[in-house]
Amino acid sequence: MPEKQYDHNQIELKWSERWANAPLFQAEENSSKPKFYVLEMLPYPSGTLHIGHIRNYTIGDALARYKRMRGFNVLHPMGWDAFGLPAENAAIANNRDPYEWTRYNIENMKRQHRRMGFSYDWSREVTTCDPEYYRWNQWFFLKMLERGLAYRKNALVNWCTECGTVLANEQVVDGCCWRHESTPVEQRAIEQWFLRITDYADELLAGIKDLEDGWPERVLLMQRNWIGRSEGAEIDFHLEGSGKPIRVFTTRVDTIYGATCVILAPEHPLVAELVSGEAKVQVKQMIDSRAAKGPGDIEKEGLFTGSYAVNPFSGEKLPVWIGNFVLMGYGTGAIMAVPAHDQRDFEFCKQYNIAIRPVVRPVDGALAELVTMKEAFGDDGVVEHSGSYSGLSSAEARRVMTAKAEAENFGKAAVTFRIKDWGISRQRYWGTPIPVIYCPKCGMVPVPESDLPVVLPLKVPIGGKGRSPLENVPEFVNIACPKCGEPARRETDTMDTFVDSSWYFYRYCDPHNSSAPFDSKKIAYWFPIDQYIGGVEHAILHLIYSRFWTKMMRDLGLISNSEPAKRLFTQGMVIKDGAKMSKSKGNVVSADEMIERFGADTGRVFELFATSPEREMDWTDAGANGAYGFISRVYRFVTRNFGQGGSEPTAADKKALRKLHQTLRQITDDFEGRWHFNTSIAALMGLMNVLTDLEKDLSAPAIAEILEKLTLMLEPFAPYLAEELWEEQGREGPVFGHAWPEYDPELAREEEAEVVIQVNGKLRGRINVAFGTPRETLEKLVLGDTKVRPLLDGKQVVKVIVVQDKLVNIVVK
RNA sequence: GCCCGGGUGGCGAAAUCGGCAGACGCAAAGGACUUAAAAUCCUUUUUCCGGCAACGGGAGUGUGGGUUCAAGUCCCACCCCGGGCACCA
């Protein structure tokens with residue numbers, strides 16, 4: 001056949017039209033095949049896909065296609081994280097309805113997904129702003145409300161003035177909003193809905209162990225730190241006079257004889273009782289200045305209350321201070337300061353001339369000398385100057401002292417977590433309405449299950465900040481109380497959109513169920529997700545909420561798995577010409593632009609080839625050109641060689657088939673192992689180099705085998721090209737319906753082993769020998785080699801190291 | 001400050017178990033084809049020294065040390081870059 005020129009648009013448009021409305025890639029419902037659930041994080045429908053999204057989906061799609069060819073029943077779905085602020089902001093900026101805006105974006109992005117050739121089962125598409133989806137958010141909320149897992153309280157919350165709404169702790173980055181990196185988060189006291197994720201803190205932490213094989217270590221580490229479990233004790237210091245207890249949390253009871261003051265957080269409830277007049281103003285200033293500065297660069301500031309509290313162990317009177325570095329939100333909001341053994345306390349006490357008293361010495365050293373002390377000694381050691389506890393190890397002292405506090409009822413062992421309950425109220429429009437009603441008579445009343453969904457009204461005027469736009473929709477707000485029938489008001493806050501994404505992947509298993517979020521039997525078949533793929537930026541937001549939601553649903557009896565995903569892969573970011581892509585820099589490469597210039601196949605191949613999937617990838621047009629060159633070389637090679645060659649086997653056949661099977665082995669190993677698809681593509685390029693050298697001398701049967709297997713190998717990476725070449729060869733399609741070819745280890749093996757000769761570790765030559773040549777023979781061969789002998793002249797051979805089939809190293813003196 | 005990653009040609013990178021450093025690609029230079037250009041194909045391309053040349057020799061994976069017959073790979077110390085956490089008691 002004559003060689004054809006590669007035209008990406010012609011080929012790709014032809015196949016996308018043929019595929020357009022065909023029910024392809026649908027997961028089977030009752031299959032005898034083993035299942036495989038591969039999932040990429042669903043996108044926010046911002047309007048257009050760019051090459052960063054495409055990397056994520058390309059990795060997942062390669063895997064999905066490979067697994068199908070390997071005989072798995074593959075579930076590979078896609079959906080839309082369609083609630084959220086940008087829709088609302090676009091509504092304000094462009095006077096467009098959030099619903100219309102979102103719908104339009106989804107249609108456009110779906111078109112781009114299809115054009116990229118991603119093999120999704122579109123019959124399972126999930127859109128989170130669809131009432132048939134978010135009604136189940138509301139349903140879960142009611143279940144949690146019943147069980148006390150959802151509750152309302154007035155709390156200090158993170159407020160972003162730019163978003164005009166509350167943020168969860170997870171959404172605060174460096175003291176600023178995660179969306180508005182230069183907008184400091186304010187603290188405001190507001191009535192809020194919370195989900196009791198802290199009930200699961202211990203389990204979320206313990207469950208990390210089961211994820212160690214399949215999740216990246218750093219994600220698990222970030223989650224561990226975020227949960228922040230610490231074991232210690234709570235101890236009461238009683239105020240002199242009133243006798244009121246000040247409860248402190250400490251991980252180091254063993255240092256309690258070294259405590260020299262008690263410090264309260266400025267927001268601590270006792271502060272109001274202990275200070276008055278001028279001092280009250282100072283405390284207020286302390287709170288405000290901390291809020292204004294944000295974390296990191298705060299100088300320690302303190303104020304003596306004039307009161308004293310009694311150390312329950314030593315009986316000593318300690319001054320009670322207020323300190324800006326003590327956090328109301330952690331532990332009990334009060335600490336005992338042990339300056340000799342805690343660096344923060346050390347700094348504070350130095351600053352205010354409070355006593356410093358070392359009571360723990362290193363196991364093999366002496367107690368610190370006050371005069372030379374430059375910093376606190378924070379390690380465990382041996383306790384001294386501590387009454388009857390002196391001489392005990394820190395660990396032993398903690399145990400005994402905690403027991404005493406418990407026995408005498410002035411304290412107890414305690415565990416504190418850094419993670420807080422998940423605040424889900426948002427004073428915004430474009431989200432799931434929280435299904436509760438406030439009745440003047442009955443108080444807070446949950447919306448009855450039968451009244452779900454509480455539908456978010458459309459065509460709502462948006463604008464103004466600080467109150468939910470729903471407040472301005474009387475037909476939404478005003479409602480009869482479901483209990484007493486009297487006029488009542490609906491909750492106007494909506495849910496954090498991380499609620500939507502906490503369980504969407506369950507809905508994919510049963511997307512059209514109208515009587516339940518899903519059928520448990522279907523979940524039992526598909527779950528856990530075999531491979532989840534997404535960006536590392538979700539390590540503690542989405543991925544911790546999802547784990548919580550899974551455990552909550554398990555406890556509702558809906559599912560039996562405790563973790564959502566067996567394996568997680570976090571792909572690296574895509575940058576452009578060495579810089580992060582951003583709208584302001586104008587260097588965002590859209591999918592459409594990329595497809596027009598290079599085609600979907602080239603885009604996919606280049607994104608995989610440039611580097612390994614977990615690393616940051618730099619998109620350059622020059623690099624994409626290289627991938628384009630490869631795709632066209634393959635196309636031309638196949639079209640000009642199809643049907644060529646004589647009937648007799650040739651020497652070239654052997655070489656070409658060996659390379660073919662070596663390539664197949666490489667790619668199979670990459671899929672089964674490290675996912676280093678950059679080496680898969682490199683191997684395919686290497687194969688093409690060998691084939692173009694040998695093509696004139698190949699026989700017809702060899703060409704047929706090569707073209708067939710080459711096409712099958714291309715399928716996960718360049719599906720359009722593979723399909724086109726399959727058709728060119730007159731084979732029955734589609735390619736993705738065929739089995740992945742097995743490599744033949746015999747054919748893949750090199751004929752001879754090349755053995756490297758070293759003298760004192762330096763490369764001096766190489767010889768070819770039969771595989772498995774005995775060590776003794778090798779040694780003799782090498783020592784007799786004409787190149788080697790002169791190098792040994794006048795030297796003494798000390799040792800000869802032989803690594804069979806690989807290397808001989810002669811050590812001489 | 002603490003905890004993770006990472007540092008290899010002009011560039012993106014490879015080297016999976018301690019055994020030939022730089023596969024594969026980009027860019028560059030030279031050549032073929034062409035009236036010319038594009039496209040395509042061929043050759044060279046870590047660096048220094050010697051040679052007209054095939055070739056030979058030395059150095060080389062952030063820096064310094066160590067283990068080993070052998071180190072990009074293992075150990076110790078340090079430097080730089082990226083990310084996470086950061087008054088969490």
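The shown structure was predicted, so the numbers you read here are calculated from the model rather than taken from an experiment. Every chain is numbered from 1, with letters handed out A, B, ... down the list of sequences.
- In terms of position along RNA chain B, the nucleotide closest to A/Ala683 lies nearer the 5' end than the nucleotide closest to the other residue of the pair A/Val811 and A/Ala683.
- Look at CG on A/Leu807: it is 20 Å from P on B/A15, rounded to the nearest Å.
- Straight-line distance between the P atoms of B/A37 and B/C20: roughly 45 Å, to the nearest whole Å.
- Counting only distance, with no hydrogens or angles, the side chain of A/Asn311 and the backbone of A/Ile256 share a donor-acceptor pair below 3.5 Å.
- Computed from coordinates, the A/Leu763 CG to B/A70 P distance equals 16 Å when rounded to whole Å.
- Among B/U40, B/A89, B/G58, the nucleotide with an atom closest to any side-chain atom of A/Arg636 is B/U40.
- Pairing for B/U35 is absent, judged as Watson-Crick or G-U wobble with the two contacts each under 3.5 Å.
- We find that A/Asp213 and A/Arg567 are not joined by a salt bridge, their nearest charged nitrogen and carboxylate oxygen being 4.0 Å or further apart.
- The nearest whole Å value for the distance from the CD atom in A/Glu616 to the P atom in B/C81 is 15 Å.
- Of the N and O atoms on the side chains of A/Tyr352 and A/Glu301, not one donor lies less than 3.5 Å from an acceptor on the other residue.
- Distances were taken from every side-chain heavy atom of A/Glu217 (C-beta onward) to each of B/C20, B/G5, B/A13; the shortest belongs to B/G5.
- When the P atom is used for both B/G10 and B/C48, the distance is 10 Å, rounded to whole Å.
- A donor-acceptor contact shorter than 3.5 Å is absent between the side chain of A/His676 and the backbone of A/Asn678.
- The base of B/U16 sits within donor-acceptor range of the side chain of A/Gln666, with an N or O pair under 3.5 Å.
- Taking atom C1' in both B/A23 and B/G82, the straight-line distance is 27 Å, to the nearest Å.
- Between B/C85, B/G12, B/G84, one nucleotide has an atom nearer to the side chain of A/Ala610 than all others, and that is B/G12.
- A salt bridge is defined here as a Lys NZ or Arg NE, NH1 or NH2 lying under 4.0 Å from an Asp or Glu carboxylate O, and A/Lys806 with A/Glu754 fails to meet this definition.
- Contacts of A/Arg633 with the nucleic acid, taken as non-hydrogen atoms under 4.0 Å apart, involve only primed sugar atoms and P, OP1 or OP2.
- Rounded to an integer number of Å, the gap from A/Asp621 CG to B/G25 P is 20 Å.
- Considering only side-chain N and O atoms, A/Ser612 lies under 4.0 angstrom from the phosphate OP1 or OP2 of B/A14.
- Nucleotides B/C24 and B/G62 are separated by 23 Å at their P atoms, to the nearest Å.
- Nucleotides B/A71 and B/C76 place their C1' atoms 15 Å apart, quoted to the nearest Å.
- Rounded to an integer number of Å, the gap from CG of A/Leu220 to P of B/G83 is 21 Å.
- A close approach under 4.0 Å does not occur between any side-chain nitrogen or oxygen of A/Thr679 and OP1 or OP2 of B/C24.
- If you measure from atom CD1 of A/Ile575 to atom P of B/G83, you get 11 Å, rounded to the nearest angstrom.
- Under the Watson-Crick and G-U wobble criteria, each requiring two contacts below 3.5 Å, nucleotide B/G60 is left unpaired.
- Figure legend. B/G5 is base-paired to B/C81; pairs are counted as Watson-Crick or G-U wobble with both atom distances under 3.5 Å.
- Cation-pi check for A/Arg357 over A/Tyr257 is not met; the charged atom does not lie both under 6.0 angstrom from the ring centroid and within 45 degrees of its normal.
- The side chain of A/Lys762 contributes an N or O atom lying less than 4.0 Å from OP1 or OP2 of B/A59.
- Nearest nucleotide to the side chain of A/Ala682, out of B/C20, B/C24, B/C87: B/C24.
- Residue contacts for A/Ser230: at a heavy-atom cut-off of 4.0 Å it reaches the sugar-phosphate backbone alone, with no base atom in range.
- Relative to the side chain of A/Ile801, the nucleotides B/A89, B/C69, B/C3 differ in distance, and B/C69 lies closest.
- Using a 4.0 Å cut-off, no side-chain N or O of A/Arg218 falls inside it from OP1 or OP2 of B/G82.
- Listed nucleotides: B/G12, B/A27, B/A89. Nearest to the side chain of A/Thr251: B/A89.
- Rounded to whole Å, the separation between the C1' atoms of B/C11 and B/A27 comes to 7 Å.
- B/C69 and B/G19 make up a base pair, with Watson-Crick or G-U wobble contacts both under 3.5 Å.
- Side chain of A/Asp342, nearest nucleotide from B/A27, B/A89, B/A15: B/A89.
- Judged by Watson-Crick or G-U wobble contacts below 3.5 Å, the nucleotide B/U43 has B/A29 as its partner.
- Phosphate proximity of B/A14 to A/Asn678: present, with a side-chain N or O under 4.0 Å from OP1 or OP2.
- Here A/Arg674 reaches the OP1 or OP2 of B/A15: one of its side-chain N or O atoms lies under 4.0 Å away.
- Residue A/Asn689 has a polar side-chain atom (N or O) positioned under 4.0 Å from OP1 or OP2 of B/G25.
- The side chain of A/Ile335 has B/A89 as its nearest neighbour among B/G84, B/C20, B/A89.
- For the pair A/Lys806 and A/Gly761, nearest-nucleotide mapping onto RNA chain B gives the more 5' position to A/Lys806.
- In the model, A/Gln662 has no side-chain atom that pairs as donor or acceptor with a side-chain atom of A/Arg749 under 3.5 Å.
- A syn orientation is assigned to B/C17, its glycosidic angle lying within 90° of 0.
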| said: The test is side chain to side chain contact (heavy atoms under 4.5 Å, CB included); show your working for A/Glu267 and A/Leu327 and say whether it passes. | reply: CA-CA 8 Å; A/Glu267 301 89 351; A/Leu327 307 172; over 6 Å; no
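- Atoms CG (A/Leu327) and P (B/A86) sit 11 Å apart, rounded to a whole Å.
- Across all strands shown, A/Gly626 has heavy atoms under 4.0 Å from sugar-phosphate atoms exclusively, and none from any base.
- Side-chain nitrogen and oxygen atoms of A/Lys799 include at least one within less than 4.0 Å of the OP1 or OP2 phosphate oxygen of B/C69.
- Between B/G9 and B/A77, the distance separating the two C1' atoms is 28 Å to the nearest Å.
- Aromatic ring orientation, A/Phe671 versus A/Phe677: tilted (interplanar angle from 30° to 60°).
- For A/Asn809, whose side chain is taken as the heavy atoms from C-beta onward, the closest listed nucleotide among B/G12, B/C69, B/U16 is B/C69.
- Counting non-hydrogen atoms under 4.0 angstrom, A/Val800 reaches nothing in the nucleic acid.
- Below the 3.5 angstrom threshold, one finds a donor paired with an acceptor across the side chain of A/Glu754 and the base of B/C20.
- Look at B/G7: its glycosidic torsion is beyond 90° from 0, and that puts it in the anti range.
- For the C1' atoms, the distance from B/C3 to B/A14 is 29 Å, rounded to whole Å.
- No engagement by A/Arg224 is indicated, since no non-hydrogen atom pair under 4.0 Å with the nucleic acid exists.
- The CD atom of A/Gln758 sits 7 Å away from the P atom of B/C20 (whole-angstrom rounding).
- For A/Phe609, taking side-chain heavy atoms from C-beta onward, the closest of the listed nucleotides B/G84, B/C87, B/G12 is B/G12.
- For the pair A/Lys300 and A/Phe348, the cation-pi criterion (under 6.0 Å, within 45° of the ring axis) is not fulfilled.
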